[in-house]
J.: 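Please read through the structure below; I'll follow up with questions.
The shown structure was predicted, so the numbers you read here are calculated from the model rather than taken from an experiment. Per chain, numbering begins at 1; letters A, B, ... match sequence-line order. In what follows, every heavy atom counts, from backbone to side chain, and hydrogens, waters and symmetry copies are set aside.
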Number of protein chains: 2
Amino acid sequence: MARAATTSDVFNAIAEPQRRAILVLLRAGERPVTELAQELGMPQPGASKHLRVLREVGLVRDRKAGRQRLYGLDARGLRPVHEWTGGFEQFWTESFDRLDAYVQDLKQRRDEEQR
Amino acid sequence: MARAATTSDVFNAIAEPQRRAILVLLRAGERPVTELAQELGMPQPGASKHLRVLREVGLVRDRKAGRQRLYGLDARGLRPVHEWTGGFEQFWTESFDRLDAYVQDLKQRRDEEQR
DNA sequence: GAAGCATATACCCATATGGGCATGTGTTGG
DNA sequence: CCAACACATGCCCATATGGGTATATGCTTC
């Protein structure tokens with residue numbers, strides 16, 4: 001089945017570095033495609049494709065402005081990602097890591113001794 | 001160039017639903033592969049493959065326990081993701097969304113009138 | 001050291017990219 | 001109405017999956 005379509009969910013959409021870069025740029029405000037492509041140093045078609053993916057997962061919205069099409073950020077979709085990762089916050093706390101490493105170490109030694 | 005390897009970074013590793021499920025399960029503590037495979041309703045080879053990816057990006061560590069291999073969570077790698085998405089927090093605040101929607105609406109009307 | 005259990009790998013496939021390039025489409029201006 | 005400009009799409013390709021199945025590896029235990 002290969003990988004699920006990137007357009008299916010936000011996690012997949014932001015797995016692409018260039019797309020994350022686009023989102024960061026859009027934090028500063030709306031931008032036309034060409035400008036984004038230029039700032040990212042990629043050909044315009046490439047930028048359009050990434051923008052399409054972002055649009056399909058709802059992270060970006062577009063608005064026609066004459067000959068241009070301005071893309072704007074709609075970061076609401078990032079909230080679930082933030083919350084999901086936040087569910088692991090207690091596991092990366094420094095104190096916890098140290099304690100955990102210590103426990104792991106003990107287990108390892110114990111197992112090696114028993115072996 | 002196709003997509004970058006999933007083993008290259010955490011964003012890519014957690015783009016896979018099954019892998020996210022594995023991480024969630026591991027929050028409860030270490031688990032052997034078979035058990036994970038069973039709980040996820042997937043064949044053992046599949047679980048092993050996902051675990052490998054998670055291990056390569058450092059989200060999981062393994063420890064030999066006799067005949068078994070216990071996988072444990074190392075969520076530190078999720079922190080960057082949490083922080084990156086956190087950088088957009090102001091953009092999904094409800095009040096902001098309303099204001100933004102309002103502004104967008106104004107612009108839209110203005111453009112339509114000018115057209 | 002043979003048999004068995006727990007995992008990891010090797011393959012084989014269908015599919016979804018992401019990139020580069022050419023081209024279609026819609027809008028603006030003269 | 002035509003040329004120019006800003007984008008979106010269509011194609012073609014090399015590659016990286018994720019899944020399923022068969023098989024190699026590692027330890028244990030008898």
J.: Whole angstrom is fine here: how far is it from CG in A:Leu51 over to P in C:dG18?
T.: 13 Å
J.: Specify the residue among B:His50 and A:Pro32 whose closest nucleotide of DNA chain D lies further upstream toward the 5′ end.
T.: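 That would be A:Pro32.
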J.: If I take atom CZ in residue A:Phe11 and atom C1' in nucleotide C:dA16, what distance separates them, rounded to the nearest angstrom?
T.: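 A:Phe11 atom CZ is separated from C:dA16 atom C1' by 20 Å.
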J.: Could you tell me whether B:Trp92 and A:His82 have their ring centroids closer than 6.0 angstrom?
T.: yes
J.: Are B:Gln18 and D:dG19 close enough that a side-chain N or O sits under 4.0 Å from OP1 or OP2?
T.: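 Affirmative; the distance criterion is met.
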J.: Between P on C:dT15 and CG on A:Asn12, what's the gap in Å once rounded to a whole number?
T.: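 Distance, rounded to whole Å: 18 Å.
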J.: Please state how far atom CG in B:Leu70 lies from atom P in D:dC27, giving the value in whole angstrom units.
T.: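 In whole Å, D:dC27 P and B:Leu70 CG are 14 Å from each other.
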J.: How close or far is atom P of C:dG19 from atom CD of A:Glu16, stated in whole angstroms?
T.: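 Between P of C:dG19 and CD of A:Glu16: 5 Å.
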J.: Among the nucleotides D:dT28, D:dA8, C:dT9, which one has an atom lying closest to any side-chain atom of B:Arg67?
T.: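 Ranking D:dT28, D:dA8, C:dT9 by closest atom to the B:Arg67 side chain puts D:dT28 first.
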J.: So, does A:Tyr71 get its side chain near the phosphate of D:dA6, meaning an N or O under 4.0 Å from OP1 or OP2?
T.: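 Negative; the distance criterion is not met.
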J.: Near A:Arg27 CZ, under 6.0 Å, is it more than 12 heavy atoms from other residues, nucleotides or ligands?
T.: yes
J.: So what does B:Pro45 hit on the nucleic acid, given a heavy-atom distance under 4.0 Å: a base, only sugar-phosphate, or nothing?
T.: base
J.: Looking at B:Lys49 and D:dG19, is any side-chain donor or acceptor paired with a base atom of the opposite kind under 3.5 Å?
T.: yes
J.: OH of B:Tyr71 to CG of B:Leu54: how many Å apart, nearest 0.5 Å?
T.: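 These two atoms lie 9.5 Å from each other.
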J.: In whole angstroms, how far is the P atom of C:dG26 from the CZ atom of A:Arg63?
T.: 20 Å
J.: Where do B:Phe88 and A:Leu23 come nearest, in terms of heavy atoms and distance?
T.: CE2-O, 3.5 Å
J.: Determine the contact category for A:Gln44: base if any of its heavy atoms lies under 4.0 Å from a base atom, sugar-phosphate if only primed atoms, P, OP1 or OP2 are that close, otherwise nothing.
T.: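 Base, at least one base heavy atom under 4.0 Å.
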J.: Please report the distance, rounded to the nearest Å, between CD in A:Gln38 and C1' in D:dC7.
T.: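 Checked: the CD to C1' distance equals 15 Å.
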J.: If you count heavy atoms of other groups shown closer than 6.0 angstrom to CD of A:Gln38, is the number above 12?
T.: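 No, because the 6.0 Å sphere around CD of A:Gln38 holds 12 heavy atoms or fewer from other groups.
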J.: If you assign A:Arg52 and B:Met42 each to the DNA chain D nucleotide with the nearest heavy atom, which residue ends up on the more 5' nucleotide?
T.: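 Looking at DNA chain D, the more 5' nearest nucleotide goes with A:Arg52.
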J.: How many Å lie between CD on B:Gln68 and P on C:dC5, as a whole number?
T.: 13 Å
J.: For a quick check of understanding: with a heavy-atom distance under 4.0 Å over all strands, which category does A:Arg69 fall into, base, sugar-phosphate or nothing?
T.: sugar-phosphate
